[in-house]
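Working notes, structure below.
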Amino acid sequence: MPNWQSNSEVATDTLIYIKLIHALMGLYAWEFIMSLDFEWAILTGKKKFRWPLIFYFAGRYLLLFAMIGALIGVDTPVEINCQVLYVFNQLAGNAAVGLASINLSLRTIAIWSRNKWIIGTLVLIMLGHWAIIFQSIPLSATWVPGVGCTITESNPTISAATFIYSMCFDFVVLCLTAYKLAWNLRRTGSSGLHTKLVRMIFTDGLVYFIIAFLANLTAAIFMILDLNAVMSVLFNPPAAIASTIMASWAVRRLYNFDFGPPEVYSDQQPIRFRSPHPTKVSRPSGEPTAIDVEVGAFSQGHPPSDLEAYGTGKPDADRLSFR
């Protein structure tokens with residue numbers, strides 16, 4: 001068992017941290033560049049901008065700036081103010097984790113048709129999450145010649161609470177989403193479109209939860225162990241990147257959901273169809289026979305607004321949209 005507090009061990013852990021940061025930056029840069037077509041579609045008006053995307057863009061770019069700041073801290077050959085830089089990195093990285101949870105929460109609020117109790121519950125949870133995030137910001141970092149910026153002191157207890165809170169928050173969101181989707185299917189039955197959309201929303205939420213849970217759990221364990229200042233934050237960047245990538249992926253998938261060609265579904269509205277075969281019943285000359293068919297219909301001439309906040313539509317009578 002190594003002496004985790006020894007200078008040699010801290011130096012070794014710092015080297016591991018530097019290499020990990022470079023690898024993670026490569027991963028995030030690849031994902032960021034590969035998904036820039038979504039930003040371009042929004043900027044050029046090919047896709048409509050809706051206000052929930054503010055949290056999507058904020059999370060992506062805050063994490064990008066945090067990763068750039070981390071690279072500056074470990075690669076710059078000249079002495080810089082490590083304290084200010086690392087406080088910013090801590091704030092931006094933890095904020096990205098909080099924004100990832102908000103992105104999933106907004107989907108749940110939309111699924112619940114903006115139910116005031118669901119909104120109130122999730123908003124309170126969000127406020128608690130951000131209160132812990134801001135408390136986890138203070139840390140100490142110093143310049144070490146030949147190494148770069150090094151973390152000398154942090155608050156592992158508060159940082160661990162941040163990631164544990166995130167895991168619990170994501171679990172609540174997943175349960176609320178799963179319950180509502182399953183209840184809606186039992187209540188309304190299922191069409192091909194509805195089943196496809198529900199499966200995608202639930203699967204994306206489940207995949208996000210599993211990956212984010214494992215990443216946050218690893219980060220929380222090392223913070224609780226508090227082996228040394230470097231090891232306590234070693235797995236923070238992987239947790240932030242995993243949460244942000246998965247949340248961004250889920251948002252894009254929902255926004256780009258393919259509803260297929262225009263069709264007619266149900267909605268309790270009478271639709272008049274002209275009969276192709278005139279009946280033999282006498283009628284005034286020139287008046288075509290009409291058949292009133294009671295079907296619940298909604299037109300899919302444009303994407304039905306199921307989660308209109310993300311540019312998608314709605315397969316049942318409940319308006320699930322942000323205005």
Side-chain angles (χ1 to χ4, degrees), residues 1-31 62-98 100 132-167 211-245:
M1 172 81 65
N3 180 4
W4 294 101
Q5 300 295 332
S6 67
N7 292 334
S8 60
E9 182 61 31
V10 172
T12 300
D13 296 339
T14 300
L15 183 61
I16 294 173
Y17 175 80
I18 292 172
K19 293 182 177 180
L20 179 63
I21 286 295
H22 283 84
L24 291 174
M25 184 62 191
L27 171 64
Y28 189 66
W30 175 81
E31 192 278 338
L62 275 176
L63 185 58
L64 178 65
F65 296 147
M67 294 302 298
I68 293 174
L71 287 181
I72 292 173
V74 299
D75 287 342
T76 181
V78 296
E79 184 174 353
I80 59 175
N81 190 331
C82 297
Q83 179 68 24
V84 173
L85 178 64
Y86 271 48
V87 166
F88 168 79
N89 293 345
Q90 182 83 345
L91 172 61
N94 286 356
V97 174
I132 298 177
I133 286 174
F134 286 122
Q135 291 185 52
S136 67
I137 294 173
L139 54 78
S140 297
T142 187
W143 169 263
V144 177
V147 177
C149 291
T150 301
I151 297 173
T152 57
E153 185 181 352
S154 61
N155 191 333
T157 303
I158 295 297
S159 296
T162 301
F163 288 98
I164 293 173
Y165 196 105
S166 296
M167 291 187 289
I211 294 178
F213 179 87
L214 294 175
N216 291 336
L217 179 63
T218 304
I221 288 174
F222 276 86
M223 289 176 191
I224 294 172
L225 291 175
D226 193 19
L227 301 174
N228 57 48
V230 178
M231 290 299 295
S232 293
V233 299
L234 182 65
F235 291 95
N236 288 18
I241 286 178
S243 299
T244 301
I245 287 179

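For the numbers below, each heavy atom of this structure counts, side chains included, while hydrogens, waters and symmetry mates do not.
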> Hey, what do you get for CD1 (I245) to CH2 (W30), rounding to the nearest 0.5 Å?
Replying inline: 8.5 Å
>> Main chain of T142, side chain of Q83: is a donor-acceptor contact present, judged purely on distance under 3.5 Å?
In response: no
>> Tell me the closest heavy-atom pair linking I211 and A242, and the distance in Å.
In response: CG2-CB, 4.1 Å
>> As a quick check of understanding, evaluate side chain to side chain contact (heavy atoms under 4.5 Å, CB included) for M67 and I241, giving each step before the final call.
In response: CA-CA 9 Å; M67 294 302 298; I241 286 178; 3.9 Å; yes
>> Checking the side chain of S243 only, and the main-chain atoms of A240 only, is there a donor and an acceptor separated by less than 3.5 Å?
In response: no
> Does a side-chain heavy-atom distance below 4.5 Å link I164 with M167?
Replying inline: yes
> Between OG1 of T244 and OH of Y28, what distance do you get to the nearest 0.5 Å?
Replying inline: 5.5 Å
>> Can you give me the closest heavy-atom contact between H22 and V74, atom names plus distance?
In response: CE1-CG2, 4.0 Å
>> Can you tell me how far apart CG (D75) and CD1 (I18) are? Round to the nearest 0.5 Å.
In response: 7.5 Å
> What pair of heavy atoms forms the shortest contact from V230 to T14, and how long is it?
Replying inline: CG2-OG1, 3.6 Å
> Can you name the closest pair of heavy atoms from N236 and A219 and give their distance?
Replying inline: OD1-CB, 4.1 Å
> Going from CZ on F222 to CG on L234, what distance comes out if it is rounded to the nearest 0.5 angstrom?
Replying inline: 7.0 Å
>> Using 0.5 Å steps for rounding, measure from the CG atom of L85 to the CH2 atom of W143.
In response: 11.0 Å
>> Just verifying a value: how many Å separate I133 CD1 and I158 CD1, rounded to the nearest 0.5 Å?
In response: 12.0 Å
> Where is the tightest heavy-atom contact between L71 and M25, given as atom of each residue plus distance?
Replying inline: CD1-CG, 3.3 Å
> What is the minimum heavy-atom distance between D13 and M231, and which atoms define it?
Replying inline: OD2-CG, 3.4 Å
> Hey, are N94 and S136 close enough side-chain-wise for a donor-acceptor pair under 3.5 Å?
Replying inline: yes
> How about N89 and P237: do any of their side-chain heavy atoms sit closer than 4.5 Å?
Replying inline: no
